[in-house]
Number of protein chains: 2
Amino acid sequence: MTQSSRSETIYYSLRRAIIEQALRPGMKLPEDTIGEQFGVSRTSVRNALVRLSAEGLVDVQPNRGACVAEPTLEEALDIFSLRRCLEREVANRLSRQITPAQLAKLEAHVREEQAALGSEGPLSMRLAGEFHILLAQLTGSRPLTRYVSEIVSRCSLILALYSRPHSSRCGLDEHRQIIEALRKGDPERAVAVMGQHIEAVEERAEIREHAEEPDVRAILGEYAKSA
Amino acid sequence: MTQSSRSETIYYSLRRAIIEQALRPGMKLPEDTIGEQFGVSRTSVRNALVRLSAEGLVDVQPNRGACVAEPTLEEALDIFSLRRCLEREVANRLSRQITPAQLAKLEAHVREEQAALGSEGPLSMRLAGEFHILLAQLTGSRPLTRYVSEIVSRCSLILALYSRPHSSRCGLDEHRQIIEALRKGDPERAVAVMGQHIEAVEERAEIREHAEEPDVRAILGEYAKSA
DNA sequence: CTCGTCAATATCGTATACAATTATCTTGCC
DNA sequence: GGCAAGATAATTGTATACGATATTGACGAG
């Protein structure tokens, strides 16, 4: 929105790059390099990194710089669990207060998802995430929106780390089901449908022990024993 | 913990000052002034403010500086609602996995609360909050801990804004009840007890239309009408 | 040839400086 | 006396500079 200040610009750019998996987990994020790319000084970059760190999208170690966060498998499962908790709350609230205009918005978004289904770029994945953020926004709760937004972003990291490519197919039908449940105005049903959807997303992601290398020491430890 | 860097020091200091209501909602937080007080430059202060802003404890407006956040009444109720959601999740998880050692820790904390009951300073209030943060920590979930921690902090803001002084009495017995429910290992009961506790906290806070002045114009508008 | 020590490099943490924006005060006018 | 416009002061946004810390590679002792 207000990308007036350079810090904001850097923040949103880095955030999008991470979510779209252009910046993959573990990648170093040196302040100098980023500053050069955007034509700004380290000062602005640092502020952006501090914010991203507070959201858990990047890890910063004192005097050692920042890198895209690499959630552990444990954290990954944890985040999905928390996501289920929060999104069920979203479904619960929305099922009690949603308006026809809001339902129309959701339907429009799903149509957009449908349209983007062909181009298997990062677009489809981003739209799937934004559907959930839109849901959160419609509750009118800023804190809830923030948390859902954060969690959904971090799920991108998790998919990048622990999921086979393309294994996260977009439950487009499930999104439609959610809309229908919300339209019905039955909280219990809406919560149940949402819970199942999140579980299905997690299921399809096939989260498993590091598709990528999570920790060098853990790997080498095994080799050291057998040596 | 690691208060190595000055930014960290500032961050934790400001955070505590806000939680203990030494810095009240709406107070301006000029970078220069803070920097002078701590004997550091604005650079470090800014980083701290960015973090606090990300957590919703301070509001920063571009080119106009930072001030302690003033959640609206709507946001306040919302935050309590979200708190109930998250803390029920905490209770749910803990009731399934809690260890005797952890129970002992909780009991020790409650004893500390008991001891601090006499000195009606900010200590008692802080400990009550930290009981909930401790619960979240015991789940072992970092994201959940962070969210609970944030929400509990923001509740301090809400109490400062919308609650009568001393109206937030510390449900010490309720904390003991929670521990007992967790010891039983019955998730449903634990969740219920926790939910009731949060509701009781909200109830006792007597959250209502501005105990403090929320907006000068609103007040003067009334006077203008009757003049 | 291996290991430990040390220099060189890269990167971060913080302070300072300056430009840009906003707030405050003065001044002149009605 | 009240109000508007301009000047001055205060505050933020950003860049640059320098010291501190960590990493890397080289060199020499064993």
Side-chain angles (χ1 to χ4, degrees), chain A residues 1-15 17-18 23 25-55 57-70 213 215-217 220 223-224 227, chain B residues 1-15 17-18 23 26-55 57-70 215-217 220 223-224 227:
Chain A
M1 310 299 176
T2 79
Q3 59 180 8
S4 51
S5 79
R6 314 191 191 197
S7 296
E8 293 268 295
T9 309
I10 310 287
Y11 167 76
Y12 283 112
S13 302
L14 287 181
R15 187 168 194 279
I18 292 173
L23 294 173
M27 272 189 175
K28 289 228 63 179
L29 300 171
E31 299 172 0
D32 275 337
T33 311
I34 299 171
E36 274 173 34
Q37 286 302 315
F38 286 89
V40 303
S41 81
R42 282 175 46 216
T43 311
S44 310
V45 177
R46 273 185 79 81
N47 276 350
L49 289 177
V50 166
R51 281 180 68 178
L52 291 167
S53 159
E55 293 180 16
L57 282 184
V58 317
D59 268 349
V60 301
Q61 288 167 301
N63 279 311
R64 298 189 43 189
C67 50
V68 181
E70 298 180 280
E213 81 291 24
D215 187 14
V216 179
R217 280 173 303 183
L220 296 186
Y223 280 82
Chain B
M1 311 299 178
T2 79
Q3 59 179 8
S4 51
S5 78
R6 314 192 190 196
S7 294
E8 293 269 294
T9 309
I10 311 285
Y11 167 77
Y12 282 113
S13 302
L14 287 180
R15 187 168 194 277
I18 292 173
L23 294 173
M27 274 188 174
K28 287 229 64 179
L29 301 171
E31 299 173 359
D32 273 337
T33 312
I34 299 172
E36 274 173 33
Q37 286 302 315
F38 286 90
V40 303
S41 82
R42 281 175 47 217
T43 311
S44 310
V45 177
R46 273 185 78 80
N47 276 350
L49 289 177
V50 166
R51 280 181 67 178
L52 291 167
S53 159
E55 293 179 16
L57 281 183
V58 318
D59 269 348
V60 301
Q61 289 167 301
N63 278 312
R64 298 190 44 189
C67 51
V68 182
E70 298 180 278
D215 186 14
V216 178
R217 279 173 303 182
L220 295 186
Y223 280 82

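Values in this document were obtained by computation on a predicted structure and should not be read as measured data.
Nucleotide dG13(D) holds its C1' atom 16 Å from the CD atom of Gln61(B), rounded to whole Å. Distance, Glu36(B) CD to dT11(D) C1': 12 Å, rounded to whole Å.
Contact record, Ala54(B) with Ala54(A): CB-CB, 4.1 Å, taken as the closest heavy-atom pair. Of all non-hydrogen atoms in Glu70(A) and Asp59(A), the two that sit nearest each other are N-OD2, 4.5 Å.
Inter-residue side-chain proximity for Glu8(A) and Arg51(A) is flagged as met; some heavy-atom pair is nearer than 4.5 Å. Side chains of Asn47(A) and Ile10(A) form no contact here, defined as non-hydrogen atoms less than 4.5 Å apart. For the pair Leu49(B) and Leu14(B), the minimum side-chain heavy-atom distance is below 4.5 Å.
The stretch residues 26-35 of chain B has no heavy atom under 4.0 Å from DNA chain C, so no residue of it qualifies as close. If you check residues 40-53 of chain B against DNA chain D, the residues with a heavy atom closer than 4.0 Å are Arg42(B), Arg46(B), listed by number.
Interatomic distance, Arg42(B) CZ to Thr33(B) OG1, rounded to the nearest 0.5 Å: 11.0 Å. The CD atom of Glu55(A) lies 6.0 Å from the CG atom of Leu52(A); values are rounded to the nearest 0.5 Å.
Under the side chain to side chain donor-acceptor pair (under 3.5 Å) criterion, Ser53(A) pairs with no residue, sequence neighbours left out.
Nearest-nucleotide mapping onto DNA chain D: of Arg64(B) and Asn63(A), the residue sitting toward the 5' end is Arg64(B).
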